[in-house]
S.K.: 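Structure below; questions to follow.
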Amino acid sequence: MDLAASFAGSFLSQLQSPTLAFLMGGMLLAATGSKLAIPDAIYRFIVFVLLMGIGLHGGMEIREANLAALALPALLAAIVGCLSVLIGVLTLARLPGIRREDALATSGLFGAVSASTLAAAMIVLEEQGMVFEAWAPALYPFMDIPALVLAIVLAGLHAHKANGHDGQVRVGRIIADSLRGSALSALLLGLLIGLLARPERVYEEFYSPLFRGLLSVLLLIMGMEAWTRLAELRRVAHWYMLYAIAAPITHGLMGFGFGWIAHEAVGLSPGGVVILAVIAASNSDISGPPTLRAGIPGANPSAYIGASTSLGTPIAIAVGIPLFIALAGLVFGP
Amino acid sequence: MDLAASFAGSFLSQLQSPTLAFLMGGMLLAATGSKLAIPDAIYRFIVFVLLMGIGLHGGMEIREANLAALALPALLAAIVGCLSVLIGVLTLARLPGIRREDALATSGLFGAVSASTLAAAMIVLEEQGMVFEAWAPALYPFMDIPALVLAIVLAGLHAHKANGHDGQVRVGRIIADSLRGSALSALLLGLLIGLLARPERVYEEFYSPLFRGLLSVLLLIMGMEAWTRLAELRRVAHWYMLYAIAAPITHGLMGFGFGWIAHEAVGLSPGGVVILAVIAASNSDISGPPTLRAGIPGANPSAYIGASTSLGTPIAIAVGIPLFIALAGLVFGP
Amino acid sequence: MDLAASFAGSFLSQLQSPTLAFLMGGMLLAATGSKLAIPDAIYRFIVFVLLMGIGLHGGMEIREANLAALALPALLAAIVGCLSVLIGVLTLARLPGIRREDALATSGLFGAVSASTLAAAMIVLEEQGMVFEAWAPALYPFMDIPALVLAIVLAGLHAHKANGHDGQVRVGRIIADSLRGSALSALLLGLLIGLLARPERVYEEFYSPLFRGLLSVLLLIMGMEAWTRLAELRRVAHWYMLYAIAAPITHGLMGFGFGWIAHEAVGLSPGGVVILAVIAASNSDISGPPTLRAGIPGANPSAYIGASTSLGTPIAIAVGIPLFIALAGLVFGP
Amino acid sequence: MFHTATKITIIAERLLQDGIISIVEAAGAKGYTIVDGSGKGEHFVRPAERAAVVSAFSIIRIEVIVNDAEQARDIARDIAGRFFKQYSGIVYLSEIEVLRPERF
Amino acid sequence: MFHTATKITIIAERLLQDGIISIVEAAGAKGYTIVDGSGKGEHFVRPAERAAVVSAFSIIRIEVIVNDAEQARDIARDIAGRFFKQYSGIVYLSEIEVLRPERF
Amino acid sequence: MFHTATKITIIAERLLQDGIISIVEAAGAKGYTIVDGSGKGEHFVRPAERAAVVSAFSIIRIEVIVNDAEQARDIARDIAGRFFKQYSGIVYLSEIEVLRPERF
Ligand SMILES: Nc1ncnc2c1ncn2[C@@H]1O[C@H](COP(=O)(O)O)[C@@H](O)[C@H]1O
Ligand SMILES: Nc1ncnc2c1ncn2[C@@H]1O[C@H](COP(=O)(O)O)[C@@H](O)[C@H]1O
Ligand SMILES: Nc1ncnc2c1ncn2[C@@H]1O[C@H](COP(=O)(O)O)[C@@H](O)[C@H]1O
Ligand code: NA
Ligand code: NA
Ligand code: NA
């Protein structure tokens, strides 16, 4: 009852939050055939600034952080990522009419992490006055990479069984490929600079003040993309729609549970638990697709990209974020 | 005498205003063959940020506004837009050597509204400490769309008479086309988000502080475009030059007169009257041309775009804005 | 001893400075094959904002400056630019296996000025609390253009001797070409607007606050470019590497010496001396290459661009800036 | 293994993109490729690089490959007839060789 | 002064760029030109202009000119065989005339 | 209704654009289309996508259609003679079919 009320309240206030408003605004623009288009160059610059900002902030905080406190959440993040993929193997892949490669690629994408969803969660948590460890967003790669690697390795094993291809040798390359993606590169370089240099001023004068505004533009883009890719999604089996709705919530709840363990064991803050839940709920929109395209060439991008951008991301942002915040209020007290 | 002095003073101070300086700077760059070019992606992003900002601000204010106060100015804006087109039909279209389609397209463009001129007026009014209703810029579509629709419908009737085409059926499509243009889409979505969500922080941290600076870049672009398109304008009849100089002033004075009526009737502020005059004086540079190109395919873009960007917009900004501010000082007192 | 300690201290603190960190971060990204790429449109916009900002600030200050104080440093800057080219002619051009055109183009580039190095120096000086005349960055064209002109004229004379081409007539065109380049255009227009209009607010609200952050992105780009062009550099004679390391330091020390003269003669501030040294040490990355390409078509761009972007600029920023600041501390007292 | 096919190239204003694509698809072509450009012809100079204040007028170049030369001629005629009396644009055909003709 | 040569045009996902280039270079071609595009074929719609959230899937158009028609056919077959069973893409050949054949 | 024409394609550094266009226009061609690209040939690698710190060196691809094959050859020879000894670039011709030959 409490949860329902708290969730309803959080959800309604979220509807008024500009975060969600811009996401839905993007859908509205695409749905009404607006000619407004945010240029690709701007999109790529926004992703860079957001992730460099997250990285710098994280890096500056890790300097003072107790690294032991980081180790367990990182391990748990990796476990959540892998479990998310396995859930997909056990559910989506078994449904009728679903090709195994498509299911694996989709599970990999939903096990991986979305930078835009993460950034949205950070802003919403800040608006709600809910504190989290500045290094918590740095859990991103610890969940993202294992999920992608596992999905691609499983697909390789499957191809191996099916037609004698060798599916094992390229784990190192998949990891390197993920780390080289534009989003993770920016995050990791930011961490490094935050850790080793003194970027306080440039962070406070540039990366931090632009964060909220650039995020609003990014969410508008994600909204437009979501609507546009719906057509793609409609072309594939309806099961993908179901999966795309259920997976973010399931993965997020699982992430929340593991976060709770970290809370008890090493004192991860309630905000940190929400961050873990949100990255679990999120699905990769920037680095995942090209890595999967290269790693599971047989999979149909209409299936996994359609499911992820047109339903997965909106659900993770619009339902996931308020749900986990409400849950944290319920579990850890206000 | 007073007007002349006040106008001269306002005009001279305007020459020192960065608004005009960047416009003229752009012309200077183009005239001297500078290789400086603001990339198209930046241009489109600037237009988005400015119009989203105007929309958000307007939307947040309309929440508290008395909607009745808005209705009359909106109606008057529509009348001014239509009258502007009709003036073109009665003057430009009757001049020797002017094709009717070209005259109609040009009149439509000069009846419609320019986002860059509007933004420039907002900054100049702010610098002069002249207050206006935050919803006043939202009068934009009420003038823009009727002007474009009327011009296209008249061109259709003309084509109908000339060769039996059907010129009436597409009014709905023209309106939809206008609303879908990138500038109006951003403005309207901003209004909606401002009205329904709580975008105060993102507006104050991002859209508002960037406004002045991005406008300076936009005016630089408009200046470069103005100079470059002069060559285009030289290729068409000289009457277009005359029209491009006279129409902004005439339409602006008409807008001022109707604004005065709204001032007496529903208390539109002097700043609001100036906004109405400026949007009347302005001519569409973003959404108008493609709508007209689609709606009046027979018209020569060199004529209407040349007239509008190379003379109309500079005149509206450099002469129109200070003139209407000076006039407001004279009419409504300082 | 003092110098060594002060330099070591300044250099170590510089390593922690975000300025250098972003430059080296860019190299790291390129070296590890990251797919992160800052779009070209963003790069060009950043250069515009930085140079417009430098120009506006310079122009606003020149309004109050004693123009006589400016004349001598400007003259000295021109002499330093020409001497830098002549040093190249006497050293690089005489080395075995070096084509004269290539040597001249390279000397021209290293005699000319880099906008990114200049901007980096301004931020580092500010961080160190070292004041400089706001017009000092406006010395840029006074050194840049003479260096490029001299190199191209010498190459023309050489071609003339070699095969009877006429090498003299185009000095005016080279100057005009340089002034029209995107970087110098923005700087000069900024100066003009700063001088004649009142851009204080737009400077303080937009160009100034974005300076540090956009510079960090620019340095990241320069770092990526440096690493990528190393391959180019390896294809040409090894002497270019030696020259690219030695020239920035040599030219910078020469610039420092001439700055000292200006300090004694007209009271150029220690910070101003450092600026003069840094622009002497820097080598043109934006406007120089196309001007040289057009002016010395026979020269191989792999030689001069490789030498300049992959070694010259990193050396000027990472070694030059801290060296000249330390030297200023030693010479002029803290 | 290689088969003769015909490539239709259409250079037109961006404004016309949707209209051209629907003719192409209605005629049964299985794909197309679009590239952005700039250019000059009878009408208007269309600048590249710098901000295109009027971007609906910018130029696109559409390539469509079909197996059958007659089908290609029909598509070209259709597009020219429908659009290029009033709007800017050109269309031309070239003969090419493709692999896997069943894809076109 | 003019000599017949063959132009290979490859339209493929950006993802494949490095792989295609290495086949082209290994086959001894002396150069190539790449242009960005967008398009539609059997698989996926690839939008131009607006933010390409998934830009690895965007389309590029690679042109390679070689003197020898047989060499061109081999390159085309190689690329199609290696990539275009699993990934999106097409390849075609056209006959052209060049100056300075020693450059190709 | 269809007529044979010749297409001249020039791939060159952006730096040369104005010079090439003036030769093309002086030779009486009625239009041209330009597309941005990147590439590799004898000289320099020209990256696409990422910031082109030295953008004057980036590659453009110019297409010019003329009716007369001899005129096309002359234009190609002129451009190659004037520019491609010192600067990077190639030029080639292909035969095409156009509608409305009076436009070219
Ligand atoms: N002879 C030509 N060669 C190549 N492209 C052309 C030619 N004529 C026209 N074009 C292209 O077609 C567009 C429209 O041409 P027009 O309809 O003549 O204005 C121009 O902007 C050019 O991009
Ligand atoms: N018939 C065609 N004509 C021109 N381009 C095509 C054609 N078919 C495919 N393409 C291009 O090749 C890309 C990949 O095609 P596909 O492998 O069929 O998805 C598409 O996105 C188009 O850009
Ligand atoms: N064989 C080729 N095929 C296609 N494009 C080429 C070829 N050779 C050169 N190019 C293009 O022409 C440009 C200049 O070539 P180059 O003068 O050889 O450096 C290159 O950057 C390529 O874009
Ligand atoms: Na996930
Ligand atoms: Na108007
Ligand atoms: Na120098």
S.K.: Please check this pair: side chain of D:Arg103 against backbone of E:Ile90, looking for a donor-acceptor N/O pair closer than 3.5 Å.
M.R.: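 Checked: no pair found.
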S.K.: Taking all atoms of both residues into account, what is the closest heavy-atom pair of D:Leu99 and E:Ala80, and its distance?
M.R.: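 Shortest heavy-atom contact: CD1-CB, 3.6 Å.
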S.K.: Can you tell me if D:Gln71 has over 12 outside heavy atoms packed within less than 6.0 Å of its CD?
M.R.: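 Yes - once you tally the heavy atoms of other residues, nucleotides and ligands closer than 6.0 Å, there are more than 12.
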S.K.: Can you measure from CG (E:Leu93) to OG1 (D:Thr4) and round to the nearest 0.5 angstrom?
M.R.: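 Output value for this atom pair is 10.5 Å.
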S.K.: Search all heavy atoms of D:Arg100 against all heavy atoms of E:Phe84 and return the closest pair with its distance.
M.R.: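 Taking every non-hydrogen atom into account, NH1-O, 3.1 Å.
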S.K.: Given that the side chain runs from C-beta out, which part of D:Ile65 has a heavy atom under 4.5 Å from chain E: side chain, backbone, both or neither?
M.R.: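 Contact with chain E: side chain only.
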S.K.: Which distance, rounded to the nearest 0.5 Å, do you find between the CD1 of E:Ile11 and the OH of D:Tyr32?
M.R.: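 Those atoms lie 12.5 Å apart.
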S.K.: Measuring from D:Ile96:CD1 to E:Ser94:OG, what's the distance to the nearest 0.5 Å?
M.R.: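 That separation rounds to 7.0 Å.
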S.K.: At a 4.5 Å cut-off on heavy atoms, which part of E:Arg61 comes close to chain D: side chain, backbone, both, or neither?
M.R.: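 Looking at E:Arg61, just its side chain touches chain D.
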S.K.: Give me the atom names and distance for the closest heavy-atom approach of D:Val35 to E:Gly37.
M.R.: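 Smallest heavy-atom distance, with atoms named: CG2-CA, 4.0 Å.
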